[in-house]
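One structure is given below, encoded as structure tokens.
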Amino acid sequence: MALQRSDAPPYHQEIAITASEPALSKGGNPSAGTATPAVELRGITKRFPGVVANHDINLTVQRGTVHALMGENGAGKSTLMKILYGMQKPDEGTIAINGEQTEFNTPGDAIARGIGMVHQHFMLADNLTVWENVVLGGEKLHGIGAKAKAKIKEISDQYGLGVRPDVLVEDLGVADRQRVEILKVLYRGAKILILDEPTAVLVPQEVDALFDNLRDLKSEGVTVIFISHKLHEVLSVADAISVIRRGTTVGDADPADVTARQLAEMMVGAELPSPESRESTVTDVEMLKVDGLRIAKADAEGIERVVLDDITLRIRKGEILGIAGVEGNGQAELVEAIMGMLPLDAGSVVLDGSDLSSSLTRARREAGIGYIPEDRHKHGLLLEAPLWENRILGHVTEAPNSKGVLLDPAAARADTQRIVEEFDVRTPGIDVTAASLSGGNQQKLIIGREMSHNPKLLIAAHPTRGVDVGAQAQIWEQIRSAQREGLAVLLISADLDELIGLSDTIRVIYRGRLVADADPATVTAEDLGTAMTGAATGHIESDPEAVEEDKAIAAEGTETEAEHPHHGESHDDESHDEPTDTADGTTQAGE
């Protein structure tokens, strides 16, 4: 049913699809719709200097359900969950857990009330075993010996997590690490579980396994709040959906009655973007030539291990070469080798005819390599520096940042303002710190900076990780636009739909070697995921019917309004495209 929210602030009046009760056809607790809600947030407001992160948020989560929380970057999801987990205190509003109003001053208070949070970036000690990681900080619960191990095994079996207590965390894959993080919070008695972008680094088979785990959890009465940008995944696993936009709740949706396209419109006022390229722009001119790359590194025990072995690849002007692989199989080292951040044991890197194998990173930057790093906080930004200083980062010797040997702050500031406007970086100004921006706006700033130097080669490592559908569409279009003008792109992504949609060619990396290749037009995400686990080599080609089915699913929600009317209702989208000024003159934005 379509309904206009009468309680939404005047600048957020819009059509939202509402669900009075969560659909429970997916194995949830049958009494969840009528029982006391697990979580009730009423009128939550949180202000930071110059920014309203949350404004009058209302959220009801029923027990024993998977409740998805969706919204674009900067919508305020992270701030809201930090409030629920005791990391932030709201300026206004109330929190009720299982019907009892409460206040949280620390995460310890939230944990004591049965709330656990699994962050997008895992917080595990690699040099400890699984059970040591789980017990760490919770030694008083079940000791540090046999009793603790037995409890871990009991929880693992009860919820179908399949965790091996004695394995070192450094030997685990991404999916197993995530299950350890889930087990950590369950070990501490969590009955309300917050998962922040849990599928961001998983291959399709691992996503399916995680969703099976979530169904087991809710069948045991655990409540899951699931934060995600992946619309089709949310529709497949959630019992109820709440959408946040510009810091306030704009509506709820029943997954049984809403499409991915409608959700995208609720989130960002735009159609669901597709990464699919329209036409080939590949030329015959070779831009990057990598031959026989080999790198060995010492591990934690001092044992030398080969992390890249005989890597050879070519990228031509106007071509996007996608690298698929489960994280930790050499992608990061490949990027660092091309960037000059790791010394080569063997092999060569040639850009546009110039051998850069022994060049410093700065020289490679000046030669025309743009770089969108995998970890924007670690390698892409100075978080406590203002935006205009971050515009200079990595391009100190290049115009407009410098004149001769001297920096030119005035020109850098002016160009930062241009980037903010051209790349839609939503910020109160260029003097705020990078840390004050949401993740999507941080990413747009980095991409604007790199594209501003007209690179010959762009290394894009997970360019849309943790980025909402609106920012995704902008980033994809920036890459496509530069590609049409002859840019060569090395794309590394854990999002297989993004790889298949954007790439002209895909190579699969496994244990430091390129083991398979695929034509994006003839491969499914499922078969690509299989090759990433080492189960398939050589040229990967999928069944044509499966490829068409994949394309049909990806295309859902991208039809025009004429092809797929929106239940006779319409959105006034344009009024929501720019940052909203509140009554006190601050900018409505989020964490």
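Worth knowing before you read on, the calculation uses all heavy atoms, side chains too, and leaves out hydrogens, waters and symmetry mates. In what follows, residues are counted from 1 in the order of the sequence shown.
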Option passing salt bridge (Lys or Arg N to Asp or Glu O under 4.0 Å) with Glu286 (candidates Arg316, Arg314, Lys456, Lys317):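 Result for salt bridge (Lys or Arg N to Asp or Glu O under 4.0 Å) with Glu286: Arg314.
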[atom1]-[atom2] distance between [X] and [Y], expressed to the nearest 0.5 angstrom:
X      : Y      : atom1 : atom2 : value
Ile338 : Ile459 : CD1   : CD1   : 5.0 Å
Gln483 : Ile320 : CD    : CD1   : 3.5 Å
Leu195 : Leu217 : CG    : CG    : 8.0 Å
Arg513 : Asp309 : CZ    : CG    : 4.5 Å
Asp345 : Leu308 : CG    : CG    : 9.5 Å
Ile479 : Leu502 : CD1   : CG    : 6.0 Å

I'd like to know if the side chain of [X] and the backbone of [Y] have a donor-acceptor N/O pair within less than 3.5 Å.
X      : Y      : answer
Glu384 : Thr433 : no
Thr312 : Gly292 : yes
Arg364 : Leu356 : yes
Thr522 : Glu541 : no
Asn390 : Pro386 : yes
Arg177 : Val169 : yes
Gln331 : Ile492 : no
Ser156 : Ile152 : no
Asp517 : Ile506 : no
Thr530 : Ala535 : no

Test side chain to side chain contact (heavy atoms under 4.5 Å, CB included) applied to Leu288 and Val349, step by step: CA-CA 7 Å; Leu288 179 71; Val349 175; 4.1 Å; yes
Can you check whether [X] reaches [Y] side chain to side chain, under 4.5 Å on heavy atoms?
X      : Y      : result
Met451 : Leu487 : yes
Lys297 : Leu342 : yes
Glu319 : Thr505 : yes
Ser542 : Glu526 : no
Gln443 : Thr464 : no
Leu496 : Met532 : yes
Lys184 : Leu124 : yes
Tyr187 : Val135 : yes

Ring geometry between His453 and His395 (parallel below 30°, tilted from 30 to 60°, perpendicular above 60°):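 His395 vs His453 ring planes: parallel.
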Minimum-distance pair of heavy atoms, taken over all atoms of [X] and [Y]:
X      : Y      : answer
Leu528 : Val523 : N-CG2, 4.3 Å
Ile446 : Tyr371 : CG2-O, 4.3 Å
Gly116 : Ala190 : N-CB, 3.8 Å
Trp388 : Thr416 : CA-OG1, 3.3 Å
Ala434 : Leu382 : CB-O, 3.8 Å
Pro455 : Gly370 : CB-N, 3.7 Å

SB check Glu366 Arg362 (cutoff 4.0 Å):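 Judged by the 4.0 Å cut-off on N to carboxylate O distance, Glu366 and Arg362 do form a salt bridge.
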Asp166 and Lys149 ion-paired at < 4.0 Å: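 Yes, Asp166 and Lys149 are salt-bridged.
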Ser357 and Asp355: side chain donor to acceptor below 3.5 Å: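 Note: Ser357 and Asp355 side chains meet the donor-acceptor criterion.
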Worked verdict on Met87 versus Met81 for side chain to side chain contact (heavy atoms under 4.5 Å, CB included): CA-CA 8 Å; Met87 297 170 73; Met81 289 301 101; over 6 Å; no
Any residue meeting side-chain hydrogen bond (donor to acceptor under 3.5 Å, both in side chains) with Arg179, in chain and number order, not counting sequence neighbours: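 Arg179 satisfies side-chain hydrogen bond (donor to acceptor under 3.5 Å, both in side chains) with Asp176 once adjacent residues are dropped.
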Val185/Leu193 under side chain to side chain contact (heavy atoms under 4.5 Å, CB included): CA gap, chis, key distance, verdict: CA-CA 8 Å; Val185 297; Leu193 191 59; 3.0 Å; yes
Pair Val335-Glu374, side chain to side chain contact (heavy atoms under 4.5 Å, CB included): steps then yes or no: CA-CA 9 Å; Val335 169; Glu374 174 181 353; over 6 Å; no
